[in-house]
Each structure stands twice: as structure tokens, then as C-alpha cells.
Engineer: 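Handing you a structure now.
Each residue takes its place number in the sequence, starting with 1. First listed ligand is number 1; within each ligand, the first listed atom is number 1.
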Amino acid sequence: MTDGTTRREFLGTLAAVSLFPFEQEKPDLILHNGHVVTMNSAEPVAEAVAISRGRFFAVGKNADVMNLAASGVRKIDLGGKTVLPGFIDAHSHPAAAGLSHLRMVDCDLRSISAIQAALRERAAKTPAGEWVLGFKYDDTKTDDGRPLSIADLDAAVPDHPVHIEHRGGHTVYANSLGLRKAGIDEKTPDPPGGKIDHDPATGKLGGRVAESAQAFFERAIPQNFTRDDHRDGVKLISKMLARTGITSATEAQGTPLDLQAYQDARDSGDLLFRAYCFINYRFIDSMIEAGVRTGLGDEWVRVGAMKMVCDGSISERTARLSVPYEGRPNDYGILVMTEEELYTHGRKAHIAGWQIGTHANGDVGIDTTLRVYERLQKENPRHDPRFRLEHCTVINDGLIARIKALGAIPTPFSTYVYYHGEKMRYYGAERLNHMFALRSFLDAGIRATQASDYPPGEFIPMMALQSEVTRTDTKGNVWGPKQKITVEEAVRVGTINGAYASYEENLKGSIETGKLADLVVLGRDPFKENPSTLVTIPVERTMAGGRWTFES
Ligand SMILES: [Zn+2]
């Protein structure tokens, strides 16, 4: 289209195509001959999209969109491939994970001896006296049938302090030197909300430290990351997320340093996903003082909710439950912050206009958190506060009704059933029908999201789809079949619902004229795929803001 008159005439004939109101603009890219599943109910399926300045300029039938092609416009024939909106991971820890991948030993290995070998190798390259750090250790994923012990770590690395994070993030494992450097000995009492393991027979330290007791190590391990390191961590994790089709992620435990790292990565062109950066409650006073609140930022880096933590973890079996863990009759899990603490910090943030996101896994944790939210809203009613329940794993009908009444947003683990199947027996078959409860949430009209919680969970969106649709783990065990949802629902949960959770449903989450051009091109159609192989669907390309962030 070269002259304005022709263009206007042409636009007059357009019925099936909707246009963004910048008529003088030309698209700079057209993707055509695709199976575009838009998640826009007004136009659920399209064949082509035109993109201009990082946004969808037109969405519609091939012929109509191709008619917009002025000379010089790039055109890509999708060959019938399926296109979905870019995936939104509503709860993840990308900044910290990126730094960990840069610096730490990846302990996602299948035997204790393999972990020992990896630690030994790192120790050989580490100056004497400096920490050897590991992450993504999972006690249920080694073939040994037992967790790492202090003896394993002492044998592998006697001369350096060792600190290994469980991938769940709520427990750590240290060798003798590590415990000593952290100031922990056999007489050290458990701090409130924390636990230091001892051998029940001898009283000697076991090497495992849980929940708030991890603070001993936070004080002892020097945080010698440079500003560039933080940016490089975001750069590294950006590439990892982009290749799976993720275009947005919530940073669920953000600090001012993370916020800076995202901005630095954006400025250097290395940020490949849109970051909604939560701020941990410990930093909230200075943020409020500076006049900052949820929503500040732009479409790439935005200040998210204030983050608090009510109870423990699902993968490490410390979530606070009303009915004890299977086979552990006295173990109800851990409450990390008291209701009064949640209320005190929550009140400040709520009044200052912040969204609040509270980690609440067990039914007792969720009940406590809801009580705090209900009180905040009763005392200081705010329009559309979109309270978030991070994870919101173990539910019941009463909790569902209160979540609905409050308009709160649960962010359940998307990949746990598939990936963490071996942990499900601690919860039992009956309870699993009330966990990661997407069917219950959607039936109640609650806008739950897709969320990996990486590193604790895998972040691959196609794995999330398979996990949510089949409720089946890698060994073929079915966990909580009553919570199965359809592929269409799972895609909705992973796209437009994620956008809603960050107040950005008018900006992204569907392929719609005027919205940000965030999309993923898949190698096969998930709507025609056998649900048990969804995870194997390859991502061919990912686009964020009109730019390819990944091409296979
Ligand atoms: Zn988390």
C-alpha cells in the first residue's frame, strides 16, 4: 500500500481484521499462514498478524493482513505452525537463579556420589577458605534413597566451607566447616520459625538447616557479586526462559538489587522477558518513603507486589497443614511469619497502594493469609487490590469461597505433578485432589495463573500444560485427577490470566490488536497433541515486543 487514499479505501473493506488506530503506520513485520490461537474471545483463531513498533498492528485472515504489506515489509510464512501468546510465568525467581547458574554448582544430579564429585571439582578451583556453593539439590531425586548428610559433604570437601541450597529454597545443607563459619554448633538453639537438624541418637549436627535458620548463612557467606554480575545473571536466565516460550515473568522475591539488575539488563539489550519485580517486605519502608508503589516502571521492568512468606514449602514438606503429613503424625509443617507480622507489614503496603503477594502453601497458611487480607480490606477498603496467594497449594471449599469473595489471585505450581511426582505421596491421594487446584479455581471463576517457582519447579510452559492437563508424573502415576483442566484452559491460565495478575491484561496476554507483540511459535499443535507428550512439543521461536528472543 503506497498511497493514503488506497489505504483508506482498503481499510473500509476490512471486516475480519481489527486495526490499531495509528493509520499512518505501516507494519514492519507480517507473520502469515499460521494457526494463531489468540486467547482473545472476540477472535479466538487467526491466520496472520502484522506487527508495528513492537505491538500487534493487525490480527486476522491471511489475505486481509497481507494486504497491509507495504514494500519492504518483512514477511514470514509460518507454514501452518501454531502460534500462542507468549507465556507468562507468574511466580519465579529469575534474578537469583541466573546468579546461581553463573556461580554455583548445579546439584540437580541423580546420585550423592555425582554431587560429591561436582563439589570436589569446584573446590579444586576455589581458593582455600572460600565457600563452595551449590543449588538445585533435591533429596528425592537421587538414587540413594536418603538425603545428603554432613558426612557426605565433609568427605567430598573437607577444607572449604560448603553450602548447598535445596531447590525448594527452604532448606540448606552444609559441611562441618560451613556450619562452624556460620556460627552454628551443637548447642545453637533453633531460631523462631527455623530448625537446625541434629542426629537424634548422638545430638551431633546433621548438616541440614531449615527455614529462618538459613539466616546464619546469609550473614556468613560474603555477597561479593558486582553490579555486572547481577546483570549477567539476568542475561543468562533470559536466554533460558526465552527458549521455552516465556515472554514475561514475575520476580517473586525481589530486592532493590534485582530491580537494578533488570534495568541494567534492559539497558544493555539483554533482558528478553518482561519482569514484574516483587519487593521483599524487608525493603518496603524505603520504597514507600521514595514514593514507589506497585505498577511503577514500564512494559519491560515494573515494580510488582510486596512479598511476604506465611508458611513453608511443598517440595520440602514444610508447608503448614491442618492434617499432618502422611506417615508423620506430628508433623504439621512450619509457619514462617506470624499473622500479626503479616498484618503489620501488609497494612503499611496496602495503605500505600501496593499489591501484596504472600507465600501460602498449606491450608493453614492460606487461611491465615486470607484472614490478614480480609482484615486489611475491611479496615481500609481499596478498589481492585488483587491480593495474591503465592502457590496457594492445599485448598478446600471454604478457602475457595473466600478467595473468590476477595477477588484474590492464586499462583499454583504448574509443573509439580509432572516433575515432582515422587513428593506427592507425602500428601496422599485424597489431599492431591485439593492441591494445585486449577479445576476448582477456574470453576469458581478465580483467575489462577501459571507459575514455575523456578528453581523449585521447572519453568517449561509445555511441561506446565502437560502437568495441568494430565495430572500425571513422569512415572505414569496420576495425582489429583479431579483437578485436570483442558489444554485451552491451561493456555489461558499461562497467558491472559498471568497478565491479569500484574494488572497488565490490557497490555499483554493475548494476541490482539494494540497489545504487545509477545508470542511463541510451536513445532506442533498442542490442541491436536496427545496430552501425554505435550512436554515434547518444541518451541521454534519466541518473540517479545516484536523482536525474536529465541529462534531454533
Ligand atoms: Zn517462590
Engineer: Out of the N/O/S atoms in H91, what is the name of the one closest to the Zn ion (ligand 1)?
Structural biologist: NE2
Engineer: Could you walk me through whether F413 and H391 pass the ring-ring contact (aromatic ring centres under 6.0 Å, His included) test, one step at a time?
Structural biologist: CA-CA 6 Å; F413 299 109; H391 315 316; 4.3 Å; yes
Engineer: Of all N, O or S atoms in D453, identify the one at the shortest distance from the Zn ion (ligand 1).
Structural biologist: OD1
Engineer: Please test E489 against R439 for salt bridge (Lys or Arg N to Asp or Glu O under 4.0 Å), starting from the C-alpha separation and ending with a verdict.
Structural biologist: CA-CA 9 Å; E489 288 170 326; R439 179 79 274 147; 2.8 Å; yes
Engineer: Working to the nearest 0.5 Å, report the span between CD of Q483 and CD1 of I395.
Structural biologist: 6.0 Å
Engineer: Any carboxylate oxygen within less than 4.0 angstrom of a Lys/Arg side-chain nitrogen, looking at K136 and E165?
Structural biologist: no
Engineer: Quick check: does H93 put an N/O/S atom under 2.8 Å from the Zn ion (ligand 1)?
Structural biologist: yes
